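All values reported here derive from a predicted model rather than from experimental measurement.
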Amino acid sequence: MMKRENRALNGGIGLLLAVLAVCAAGVTAQAQNPLGYFPEGATAALYLPSIDFLEQKAAPVAEAAGLDAAGELTGMLGDLPSKLGVAPGAPLSEVFKAAGLDTSKPAALFVKKPAAGMEELGALIPVANAETAAEKMKSIFDSDPAEYAEGDAKGFFNDTQSLGFAVLADKVLLGSTKDMIKGMAARAAAPYQSPYETGAEVALVTSITRLQDAGVFPATAPNGQPLAAVYDYLKGIMGEVVLAAGEAEGESYVRLAMAAPSGAVTPAADALKMHTLFPETSPVVLNLRNDAAFMQAVRPLIMASPQAAQAGMYISLISGMIGKEVGLALTGMNNGMPDGMLAMDVAKPESIKMLMGMAGAKDGPKEQINGADIYAFENIREGLSVFLATKGTSVIATTNMDALKASLEKLDAGSTATPVSQKTLDRGNNGFIAVNGGKLSADAAAALPLPATVDLSEVVAEVTLGGKGPWNELRVSVPGDMKGIAEWVTSAV
């Protein structure tokens, strides 16, 4: 699915940038949020905080994702920069400014991808200088265009190029079809109300319904199983969907956010607690809230893949047994093997016996410590044993008995000390994976079974799953500017 979307956006961003460089007209005024012009029936919108932001900050992420906007623009502009008096090789923003475009204000690209037929593209562009824009307006056309008017919006359209514009107040509406321009112009009187609050990030705005209508999602899985029920479930919990990239508080990030369809605010959940059972020196910590209903709903997607089917079966089974949350930490190295700790609660106390049976504990507990049953799986391999404690509905497992005892003390004391930052807990109130490789010694990092190009001791990153108001989001964050997240995108794509 992502490859298909990338191809659509690749052409879309190229058109947006090429057209941005050569047209705009109107009067100076406070521009409305560009997403307010989201046309009826459009599949997605690409929100840009400004062309300056795109050029200076977001370009590395776009390039890492395979969106060669600059390359497309070079081929599409031809000799237009020279017509505008811009020196060869000048920054794109200079070309935009020479055309009368305000590169400091928000812009948007709209894409309509029908289930069959050609996609339609549109864009909303803010104006900087009306006189300059009006003078340069027709430079986008190879031949004389026909005059075009839609309500208060007036402009030109060239059928041969499938490209036109309409001037509306302090902005221009650009489109590859007259219907696209008409759809944007109609929003001047009845703006689209998006629950997404725009900010200093590039954002792709769409929804499950829009993507399904566009034929982006397959009707059946590879094994022939219908997926309509899965999509209906997702539409019931997700309204608008936003994929965004930006910078904030010394970090760069990519996030996938989903709004509740009704705009209802999700009640605050109890704070996650499994991370408080882990040593504060743990370099890698995972804590996830369990949602058994969600796992059952998306189970057909997991089971549709032969490679994931067996794992999906175990995940579905275990998810039904686990209680509210599960945690996992990498604590160091032990006899050449990663040393870690697992902590979780179970839905019902009787589930512990089933879990012990699955783990192979047939002889009962080895001992008791402060009311906790201790199971030992000794010499699983040379020099490696696993110790497991159960107390109430809590289960803790580790390869280090001293660490297990310390964790049980934390459990009894209700400790709140944690190896992760408060910012991570606030952002990941439904789950997180936090990596702070600096807590791991260089020797221990070198001993980990990782690719030679990966030095965990130098990695600082986090993945958070959180909810705020009507929104839930999955976010990947790394320190520094957007070049950092671009490197992550490169490895992921």
Report task. Just do the side chain to side chain contact (heavy atoms under 4.5 Å, CB included) check on E249 and K423 with the steps written out, would you? Result -> CA-CA 11 Å; E249 301 178 356; K423 179 177 66 175; 4.0 Å; yes
Report task. Side-chain contact test, heavy atoms from C-beta onward, threshold under 4.5 Å: evaluate it for M274 versus L277 and give yes or no. Result ->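 Yes; the side chains approach each other to less than 4.5 Å.
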Query raised in the report: Tell me, do P34 and P106 make a side-chain contact under 4.5 Å, heavy atoms counted?
Result: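 When only atoms from C-beta onward are counted, P106 and P34 do touch, with a gap below 4.5 Å.
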Requested in this report: Sequence neighbours left out, what passes ring-ring contact (aromatic ring centres under 6.0 Å, His included) with F110? Give chain and number order.
Outcome: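 Here the qualifying residues are F38.
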**Report entry** Residue list, ring-ring contact (aromatic ring centres under 6.0 Å, His included) with F432, at least two apart or on another chain
**Finding:**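 ring-ring contact (aromatic ring centres under 6.0 Å, His included) list for F432, sorted by chain: H275.
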Rounded at 0.5 Å granularity, tell me how far [atom1] in [X] sits from [atom2] in [Y].
{"X": "N472", "Y": "N429", "atom1": "CG", "atom2": "CG", "value": "8.0 Å"}
{"X": "N33", "Y": "Y196", "atom1": "CG", "atom2": "OH", "value": "9.0 Å"}
{"X": "N430", "Y": "E473", "atom1": "CG", "atom2": "CD", "value": "10.5 Å"}
{"X": "L342", "Y": "F278", "atom1": "CG", "atom2": "CZ", "value": "7.0 Å"}
{"X": "I433", "Y": "T424", "atom1": "CD1", "atom2": "OG1", "value": "12.0 Å"}

Query raised in the report: Only one of L243, T206, V202 clears side chain to side chain contact (heavy atoms under 4.5 Å, CB included) with L46; which?
Result: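 Of L243, T206, V202, side chain to side chain contact (heavy atoms under 4.5 Å, CB included) with L46 is met by V202 alone.
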Query - Partner of I125 under side chain to side chain contact (heavy atoms under 4.5 Å, CB included), chosen from I51, L101, L109 - result: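 Testing I125 for a side chain to side chain contact (heavy atoms under 4.5 Å, CB included) against I51, L101, L109 leaves exactly one candidate, L101.
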Query raised in the report: Under 3.5 Å, is there a donor-acceptor pair linking the side chains of D481 and S252?
Result: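 No donor-acceptor contact under 3.5 Å links the two side chains.
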**Report entry** R427-S477 side chain donor-acceptor pair, cut-off 3.5 Å
**Finding:**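 Result is yes, a qualifying pair exists.
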Query raised in the report: Where do K439 and T331 land on the side chain to side chain contact (heavy atoms under 4.5 Å, CB included) test, with the steps shown first?
Result: CA-CA 9 Å; K439 294 182 178 181; T331 56; over 6 Å; no
Requested in this report: Could you walk me through whether S176 and E120 pass the side-chain hydrogen bond (donor to acceptor under 3.5 Å, both in side chains) test, one step at a time?
Outcome: CA-CA 6 Å; S176 62; E120 302 177 33; 5.7 Å; no
Query raised in the report: Step by step, would you call V435 with V460 a side chain to side chain contact (heavy atoms under 4.5 Å, CB included)?
Result: CA-CA 5 Å; V435 181; V460 178; over 6 Å; no
Query raised in the report: Are the aromatic rings of Y231 and F217 close, with centres under 6.0 Å apart?
Result: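 Aromatic pair counts; centres sit under 6.0 Å.
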Requested in this report: Go through the steps for Y37 and Y192 under the test ring pair (Phe, Tyr, Trp, His ring centres under 6.0 Å), then give the verdict.
Outcome: CA-CA 6 Å; Y37 288 82; Y192 172 70; over 10 Å; no
Query - Check against side chain to side chain contact (heavy atoms under 4.5 Å, CB included), R210 and E240 - result: CA-CA 9 Å; R210 292 184 182 116; E240 199 151 89; 3.8 Å; yes
Query raised in the report: What closest approach, in Å, do P226 and T220 show between heavy atoms, and which atom pair accounts for it?
Result: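 Residues P226 and T220, closest heavy atoms: CA-CG2, 4.1 Å.
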Query - Closest non-hydrogen atom pair, S282 against A329 - result: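 Closest heavy-atom pair between S282 and A329: OG-CB, 4.1 Å.
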Tell me whether [X] contacts the main-chain N or O of [Y] through its side chain, where contact means a donor paired with an acceptor under 3.5 Å.
{"X": "T464", "Y": "G466", "answer": "no"}
{"X": "N158", "Y": "A146", "answer": "no"}
{"X": "T393", "Y": "D345", "answer": "no"}

Requested in this report: May I ask you to say whether E325 pairs ionically with R289, meaning some side-chain N is under 4.0 Å from a carboxylate O?
Outcome: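 Here E325 does not pair with R289 in a salt bridge, since their nearest N and O are not under 4.0 Å apart.
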Query raised in the report: Would you call E40 and K182 a salt bridge, using N to O less than 4.0 angstrom?
Result: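 Not counted as a salt bridge, because no side-chain N and carboxylate O are separated by less than 4.0 Å.
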Requested in this report: Could you give me the CA-CA distance, side-chain angles and deciding distance for Y253 and E247, then say whether side-chain hydrogen bond (donor to acceptor under 3.5 Å, both in side chains) is met?
Outcome: CA-CA 6 Å; Y253 62 86; E247 293 179 2; over 6 Å; no
Query raised in the report: Counting only heavy atoms not in K235, do more than 12 sit closer than 6.0 Å to its NZ atom?
Result: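 Counting other residues, nucleotides and ligands, NZ of K235 exceeds 12 neighbours.
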